[in-house]
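Take a look at the structure set out below.
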Protein chains: 2
Amino acid sequence: MSHQRDRASTRNAQTGPSGLDLPDLPEATVARLPEYLRALHGLAETGLDVVSSEELAGAAGVNSAKLRKDLSYLRSSGTRGVGYDVASLIAKIEYVLGLSQHRTVALVGVGNLGHALAGYAGFESRGFHIAALFDADPRRVGERIGGLRVHHVDELPLVVAQERISIAVIATPAQAAQSVADALVACGVTSILNFAPKVLNVPDNVDVRKVDLAIELQILSFHEHRKASLTALPSTLGGVLGQEAYGS
Amino acid sequence: MSHQRDRASTRNAQTGPSGLDLPDLPEATVARLPEYLRALHGLAETGLDVVSSEELAGAAGVNSAKLRKDLSYLRSSGTRGVGYDVASLIAKIEYVLGLSQHRTVALVGVGNLGHALAGYAGFESRGFHIAALFDADPRRVGERIGGLRVHHVDELPLVVAQERISIAVIATPAQAAQSVADALVACGVTSILNFAPKVLNVPDNVDVRKVDLAIELQILSFHEHRKASLTALPSTLGGVLGQEAYGS
DNA sequence: AGTTGTGAAGCCCTTCACAGCA
DNA sequence: TGCTGTGAAGGGCTTCACAACT
């Protein structure tokens, strides 16, 4: 009965003692906020400081009604007739996503893929600090990658506690993934990004997101297959489908 | 007005001239078929040759009603009172996903991430063959990665035609992604897997799927933030939430 | 007896269309 | 006048619960 990111809608607005005040966001909205954030940073760089829902939606690749509804959950503060203030919208989204503090991340498995993730600049620039690397292979332990020493997985409890890590990335082979997840959970890690092609079994208080590269290609393959079977049709409108021009 | 994987439900069942016969699948189902396939291969390796919806659903991390409904779209042929034949279900899903033929893939951008993707064994083992590598950096052109020579992007049209490539992976920096996508589309590529943190603008007949690693972490960060604000509550049931045991 | 296949109900999310406000 | 914020309608997906079948 694993759940693997199915839980919907965050619980009701809660006002914590520390002035915390997180609104009740649909999961679909949460998944889009990072896209808006990325688009906003792009717009901010161009010097723009107010943006309409139409513009921002365009930059984020969604439709504007959806964007407005999403932002409305953030006790949004656009100005009617004008638009949204770019800087304060960035601040609000970063706050909601918990990015006001840079978050430290552990990465387990520095093989082919893990090695690349360890060096991926996009993490540091977008709110995350990879603070520790681990591998089970003794030959890899001690290796230095981008200024970080690779620890043996046995050191997980120690390092995770020291660095106050709550998010981990698993980039191990499939057969090692579950035991690594168990170890991480035992150390108190409560969020896992899993690149191993394996369903992870974790307690309900732990969030797992998965990225399976082959699955993404297989989904595309399906659509290729479908498109091929459509164009192979004798004389339907199949051939014309999807040949419109594309916009700005 | 970009779309970026929004199109729903595949069009109605079409029986092509070549005996093709693709059912009308909800997009959500398409996205899960690869998970079932992965689970089935795992079960096949253990020697199992019939599996119930309950077992398979467990292995794939979904609930059994959903699995049965998904399979029912494939003019499914389970046997009531018994289960599904593993081998023939594998064959059927592979057929529907268009994996009966190995698909050739181009990879553009052999930097940090692209380099890792080029060497990722999971592609070859799950129906895909990376047939060509490209980069815009002249210093990288000519380099050999896993037996493949890196081409300059200018050679895209030539090589894509030669190798009959219809799927491409973009692993370039964000600012190069759109022009690479344009070039790919011009060569006739109709499916793109995009790792660059940038919304791509493509014609409607081209499918794009995106993987943004930082976004995945940001979504997890939100949940960390939320969990933290819950446990900070004075004395609600916040603390107890998600402390149940977890199953098989 | 056991498991699949599926109508029906419900939920979540998207989209529309416009009232409300600057 | 122009753009946001949102009620209401609509669509797709999930889940339930059981009839159908082996």
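The chains referred to below are lettered A, B, ... by the order of the sequence lines, with proteins before strands, and numbering in each begins at 1.
Between the CZ atom of A:R32 and the C1' atom of C:dC13 there is a distance of 8 Å, rounded to whole Å. Between the P atom of D:dG5 and the CG atom of A:D70 lies a distance of 12 Å, rounded to the nearest Å. Protein atom OH of B:Y84 is 13 Å distant from nucleotide atom C1' of D:dC21, rounded to whole Å. Atom CG in B:L56 sits roughly 14 Å away from atom P in C:dT3 (whole-Å rounding). Between B:E27 atom CD and C:dC13 atom C1' there is a gap of 16 Å when expressed in whole angstrom units. Separating the CG atom of B:L67 from the C1' atom of D:dT15 is a distance of 14 Å, rounded to the nearest angstrom. Note: NZ (B:K69) to P (C:dG10) measures 15 Å, nearest angstrom. Straight-line distance from the CG atom of B:L25 to the C1' atom of D:dG12: 14 Å, rounded to whole Å.
Of the side-chain N and O atoms in A:K66, one or more sit less than 4.0 angstrom from OP1 or OP2 of C:dT15. Proximity of A:Y73 to the phosphate of C:dC13: no side-chain N or O atom is located under 4.0 Å from OP1 or OP2. Within the structure, a side-chain polar atom (N or O) of B:S53 is placed less than 4.0 Å from OP1 or OP2 of C:dT4.
Nearest nucleotide to the side chain of B:T79, out of D:dT22, D:dG5, C:dG5: D:dT22. Distance from the side chain of B:N63 is smallest for D:dT15 among the nucleotides C:dC13, D:dT15, D:dG5. Among D:dT4, D:dG7, D:dC18, the nucleotide with an atom closest to any side-chain atom of A:R68 is D:dT4. For A:A65, the listed nucleotide lying nearest its side chain is C:dC16; candidates were C:dA22, C:dC16, D:dG5.
Just one of B:R126, B:R32, B:R209 meets the salt bridge (Lys or Arg N to Asp or Glu O under 4.0 Å) condition when paired with A:D212; it is B:R126.
Across the interface with DNA chain C, nearest-nucleotide mapping of A:T29 and B:S52 shows B:S52 to be the residue nearer the 5′ end.
For B:E35 and A:K210, the salt-bridge test passes: some basic side-chain N is under 4.0 Å from an acidic carboxylate O.
Counting only N and O atoms by type, the side chains of B:S191 and B:D207 include no donor and acceptor under 3.5 Å apart. With 3.5 Å as the limit, one finds a donor-acceptor pair spanning the side chains of A:H223 and B:E27. One side chain, A:D70 or A:Y36, offers a donor N or O that lies under 3.5 Å from an acceptor on the other.
Put simply, the side chain of A:R80 and the base of D:dT4 share a donor and an acceptor less than 3.5 Å apart.
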